[in-house]
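See below for the structure under consideration.
Residues take their numbers from the sequence shown, with the count starting at 1. Atom set for the values below is all heavy atoms of this structure, side chains included, hydrogens, waters and symmetry mates excluded.
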Amino acid sequence: MNEVLVITLLVVSIFALLGCGVWVGLTLAGTAWIGMEIFSSRPAGDAMAVTIWGAASSWTLTALPLFLWMGEILFRTRLSQDLFKGLAPWLNRLPGRLLHTNVIGCAIFAAVSGSSAATCATVGKMTIPELKKRGYPESKVLGTLSGAGTLGLLIPPSIIMIVYGVAADVSIARLFIAGILPGILLAVLFMGYIAWWAIRHPDEVPSSDEKMSLREKLYHSRHLIPVLILIAAVLGSIYTGIATATEAAAIGVVGALILSASQGSLNRKSFMQALLGATRLYCMIALILAGAQFLTLSMGYIGLPRALAEWIGGLGLSQFGLIIALMVFFVVLGCFLDGISIVVLTMGVLLPTVQAAGIDLIWFGIFVVFVVEMAQITPPVGFNLFVLSGMTGRELPYVARASMPMFILMILAVLLLYVVPGIATWLPQHMMSLQ
């Protein structure tokens with residue numbers, strides 16, 4: 001069998017179906033069916049039924065709709081306004097001043113959301129009007145926000161991590177913990193860039209607000225208490241081993257409902273909007289996962305993973321060369337597909353090669369999240385770019401140019417992650433009592 005012909009046919013099928021406007025999940029299932037019918041003796045219909053049922057009935061996947069629901073509930077609270085009120089008084093003395101609210105706000109909201117687009121939109125609704133009103137350059141406001149919004153994928157809980165954990169059969173709880181230090185690293189890099197830019201361009205940074213005493217700062221910080229308690233409840237229950245990722249997601253939903261009710265934003269309308277929003281998003285993701293599982297099975301019967309692993313192995317790439325090649329591959333793929341589609345499309349083929357190269361799957365999961373983050377701010381299908389373009393009316397190329405420094409910092413973060421793999425693996429290795 002000519003592997004090049006098979007790969008070409010499958011790639012052409014995927015892009016032809018996507019180009020016709022077919023949903024991603026159905027595209028994956030259709031491509032898998034074509035491959036099995038032409039290149040395998042296994043009946044495609046029977047294999048499709050068994051695989052899709054297995055993907056849809058996975059208990060591990062239960063955490064996903066719960067985290068989505070939690071994010072939808074919080075999206076409809078006063079969390080964003082409270083976040084600004086609590087953070088702003090502490091940032092006036094830093095170079096760049098209130099621009100840092102984009103990064104810190106996204107990092108905090110990422111810890112209770114899991115969605116890059118939701119993080120970017122929620123924090124952006126609050127910071128963009130405030131920062132523009134205070135005279136901060138729009139390009140820096142949008143650039144830092146688009147980059148910091150990607151923290152929604154890296155800082156747990158993360159939807160992409162759940163999808164990767166299911167695809168790679170690794171502990172989602174360990175993936176969550178593995179994302180904490182890399183998430184902090186990326187946030188520090190973003191804040192460092194803001195400070196560096198502010199020092200070089202002092203005339204473009206507005207003067208600070210009126211000075212506050214320590215007592216006044218602490219008083220304003222009371223707005224952060226509810227969300228910090230929710231973060232501690234979700235991540236603390238996972239880290240201490242009290243709850244699995246799925247159980248922690250349920251804790252997060254209950255906490256989000258309590259937070260919403262305490263703020264007076266929980267009513268029948270907002271409850272139904274959050275529930276239906278999470279259901280629609282989960283159904284889309286579940287369809288993609290089911291199609292991807294069938295495509296993985298199809299490629300297994302055809303023998304593509306083995307052939308691709310042998311081909312990449314024959315290139316003689318070092319481990320570093322393989323990582324660089326995969327980073328370029330993922331970034332290019334991110335120009336055309338969303339993050340979830342990238343993960344489910346590629347993991348079945350790449351994981352055998354990655355394991356053969358001796359790469360830790362937990363570390364590789366964090367690496368994948370990093371490169372998917374890059375795809376969030378890479379045109380023409382950068383979700384965060386679309387979100388900010390729609391919110392501000394600015395053209396997509398303008399937002400993309402403003403985001404370029406953040407993209408470069410992400411590349412630097414990937415290199416640091418490779419040089420010091422303990423950034424991603426140290427915490428999971430020291431977790432205790434995790435199932």
When you measure from the side chain of [X] to the backbone of [Y], do you find a donor-acceptor pair of N or O atoms at a distance under 3.5 Å?
X: Gln319; Y: Ala357; result: yes
X: His100; Y: Pro95; result: yes
X: Thr51; Y: Met48; result: no

Notebook entry, point to check: Please walk me through it: do Tyr193 and Met406 pass side-chain contact (heavy atoms from CB on, under 4.5 Å)?
Noted result: CA-CA 9 Å; Tyr193 167 76; Met406 306 296 111; 3.2 Å; yes
Rounded to the nearest 0.5 Å, what separation is found between the [atom1] atom of [X] and the [atom2] atom of [Y]?
X: Ile258; Y: Leu230; atom1: CD1; atom2: CG; result: 9.0 Å
X: Phe364; Y: Met347; atom1: CZ; atom2: CE; result: 4.5 Å
X: Met70; Y: Ile251; atom1: CE; atom2: CD1; result: 11.0 Å
X: Met161; Y: Ile177; atom1: CE; atom2: CD1; result: 9.5 Å
X: Ile324; Y: Phe320; atom1: CD1; atom2: CZ; result: 3.5 Å
X: Ile359; Y: Leu326; atom1: CD1; atom2: CG; result: 7.0 Å

Item checked: Atom of Val22, atom of Leu26 and distance for their closest heavy-atom approach ->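 Residues Val22 and Leu26, closest heavy atoms: CG1-CB, 3.8 Å.
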Item checked: Shortest non-hydrogen contact from Leu189 toward Ala413 -> CD1-CB, 3.9 Å
Next item on the list: Using the test side-chain contact (heavy atoms from CB on, under 4.5 Å), find all partners of Glu138 that sit at least two apart in sequence or belong to another chain.
Entry: Lys132, Leu142, Thr392, Arg394, Tyr398
Note to self: So, using side-chain contact (heavy atoms from CB on, under 4.5 Å) as the criterion, who are the partners of Trp53 when residues are at least two apart?
What the structure shows: Ser57
Checklist line | ring pair (Phe, Tyr, Trp, His ring centres under 6.0 Å) between Phe367 and Trp363, worked out | finding: CA-CA 6 Å; Phe367 164 79; Trp363 182 93; 5.8 Å; yes
Next item on the list: Carefully, step by step, assess Thr101 and Leu131 under the rule side-chain contact (heavy atoms from CB on, under 4.5 Å).
Entry: CA-CA 9 Å; Thr101 56; Leu131 294 176; 4.2 Å; yes
Margin query: Hydrogens and angles aside, do Ser13 and Thr31 bring a side-chain donor and acceptor to less than 3.5 Å of each other?
Written below: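 No, no side-chain donor-acceptor pair sits under 3.5 Å.
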Note to self: Does Trp33 have more than 12 heavy atoms from other residues, nucleotides or ligands lying within 6.0 Å of its CH2?
What the structure shows: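 Result for CH2/Trp33: open.
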